[in-house]
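Each chain gets a letter, A, B and so on, in the order the sequences are listed, and its residues count up from 1. Keep in mind that what you see is a predicted model, and the values were worked out from it rather than measured.
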Amino acid sequence: MSMAAVETKKITLRTADNHEFEVEEAIAMEFSTIKTFFDENPDASEDTIPLPNVTSKCLSAIIEYCKSHLAFRARETSSSIDEQVRTYDEEFVKARDNESLKELILAANYLNIKALLDMLNQAVADRIKNKSVEYVRRFFGLENDYTPEEEAAIRAENEWAFEGVDPDDD
Amino acid sequence: MEQKTWPDRSDGSRFTAFPLSKPSNGDGKTKLSRRSKFISKPSSSQTDGPDFSALPFDILTKIAAPFNFPNLLTASLVCKSWRDVLRPLREAMVLLRYGKRFKHGRGGFRRNLEKALDSFLKGAARGSTLAMVDAGLIYWERGQKEEAIALYQKAAALGDPAGQCNLGISYLHAQPQKHKEAVKWLHEASVGGHIRAQYQLALCLHQGLVVDRNLREAARWYLKAAEGGYVRAMYNTSLCYTFGEGLSHSRRQARKWMKRAADRGHSKAQFEHGLALFSEGEMMKAVVYLELATRSGETAATHVKNVILQQLSATSRDRAMLLADNWCALPSSR
């Protein structure tokens with residue numbers, strides 16, 4: 001994709017595994033944490049920003065995401081664009097294994113990239129909603145650390161929700 | 001030269017750092033082999049990869065914010081750290097229940113909107129979008145639109161379709177109107193499966209509120225809402241099929257949806273359906289629907305109804321009235 005700008009400012013980011021990434025300013029500004037940093041330190045733009053909490057694999061996925069979304073936003077809003085964004089997001093999540101998704105959530109949270117974090121949160125929510133406890137545990141690779149007594153306690157504590165005649169939808 | 005320090009994320013969001021140490025529950029080896037069934041590659045350079053049980057609690061809370069109680073319970077039962085993080089939301093559910101009882105005056109509670117609002121606000125403070133939406137509804141009914149919108153915005157931002165729908169609708173009513181915003185949020189809610197939002201969105205698109213009249217999109221959403229049980233959408237879907245607006249002309253589909261709307265109490269649909277039955281020669285059925293339409297105020301139905309009644313015997317007339325008296329609308333999602 002060709003950029004119309006004559007000279008796009010680049011920001012250098014260094015990941016936890018010591019890779020350096022040169023990203024266009026526009027993309028770096030999608031990371032609110034970085035944006036805030038530059039707002040407060042305007043003359044720091046030449047420095048390399050260390051990201052000790054983000055791996056290179058993670059960062060390259062994030063950069064790809066932000067690039068694509070910036071491109072989508074540059075176009076006219078329409079329902080077909082919305083459709084494309086949705087498809088892109090679905091593919092983005094599908095292509096990642098659980099390990100990567102976890103890393104992405106933590107990184108997106110650390111870098112404060114709202115759109116990405118919201119999207120990932122929604123993906124996680126969809127993996128919990130209307131599923132069995134077992135499914136959720138398996139999907140996220142979590143151990144059941146409840147003792148039988150503890151589990152019974154929690155169920156008993158919340159039994160009230162399943163008795164009584166309150167309708168669901170009002 | 002001063003070393004520029006990287007901003008510390010101590011801005012109150014209680015973010016916990018990327019966990020590099022082994023998680024305290026279970027032994028690492030077992031966990032890794034369990035996970036590898038669902039993961040394509042083993043964890044790379046870290047000693048131990050990020051662990052979903054150590055998901056920062058504000059993220060888990062955000063994720064679970066729009067959950068209903070069954071889903072919240074599922075999440076709470078997954079493991080103890082999730083249980084602990086989600087405690088405030090479970091408390092919110094209790095408050096939500098109290099709020100609803102106060103609002104509707106049931107379960108031994110006397111109707112009390114003040115107390116209802118109070119309960120809902122407490123639930124909202126604990127992060128439940130369901131409580132936020134219910135609090136917003138009370139504010140809206142009282143005319144405190146700004147407070148309502150603020151709550152809807154919070155819920156919408158957390159992905160709650162009802163919040164998004166209500167936010168969209170409030171933007172439609174805003175002075176000055178915020179059509180673009182309205183459509184944006186109605187669209188979010190519609191994609192999230194909210195039936196009323198789908199109908200409202202279809203209306204906006206049909207009227208060409210933000211973009212140029214987009215009949216195809218509008219019809220698509222009418223149909224979606226109709227399939228979800230929204231009666232007015234059923235009626236509109238029928239019209240789309242009749243006039244070939246946004247949907248290919250289909251008399252069969254048009255009749256099907258008109259009947260469905262009629263059976264669920266839509267008075268205009270009862271009139272139309274009655275007329276159609278009349279033209280097909282089904283006099284008894286026609287007159288029942290036309291009677292129902294008349295009773296709901298469709299004065300236009302009276303004339304045709306009387307025409308048919310004159311052709312019927314006294315017994316048939318009585319029977320038709322009895323059917324109309326005993327008629328019950330089928331359930332719908334409004």
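- Residue contact with chain B, scored on non-hydrogen atoms closer than 4.5 Å, involves the side chain of A:L117 exclusively.
- Between B:L72 and A:N158 the shortest side-chain heavy-atom distance does not fall below 4.5 Å.
- Counting only heavy atoms from C-beta outward, the side chains of A:Q122 and B:I63 never approach each other to under 4.5 Å.
- Between B:S76 atom OG and A:E151 atom CD the span is 11.5 Å, to the nearest 0.5 Å.
- The environment of CZ in B:R216 is sparse: at most 12 heavy-atom neighbours from other residues, nucleotides or ligands sit within 6.0 Å.
- Per-residue heavy-atom pair counts under 4.5 Å with chain A were compared for B:N68, B:V94, B:V183, B:L158, and the maximum is reached by B:V94.
- At a threshold of 4.5 Å between non-hydrogen side-chain atoms, the residues B:R83 and A:I154 count as touching.
- In this structure, B:W82 and A:L142 approach most closely via the heavy-atom pair CZ2-CD1, 3.7 Å.
- A:S132 touches chain B through its backbone: at least one of N, CA, C or O sits under 4.5 Å from a heavy atom, while the side chain does not.
- Closest approach of B:N71 to A:I128, counting heavy atoms only: OD1-O, 4.3 Å.
- Taking 4.5 Å as the limit, every side-chain heavy atom of B:V78 sits out of range of all side-chain heavy atoms of A:F139.
- B:K80 contributes atom NZ, which lies 9.5 Å from atom CG of A:N144 (distance to the nearest 0.5 angstrom).
- With values rounded to the nearest 0.5 angstrom, B:L73 atom CG is found 10.5 Å from A:E159 atom CD.
- Contacts between A:D118 and chain B at a heavy-atom distance below 4.5 Å involve the side chain alone, from C-beta outward.
- The number of heavy-atom neighbours closer than 6.0 Å to OH of B:Y98, taken from other residues, nucleotides and ligands shown, is 12 or below.
- A:K131 NZ to B:T74 OG1: the interatomic distance, rounded to the nearest 0.5 Å, is 10.5 Å.
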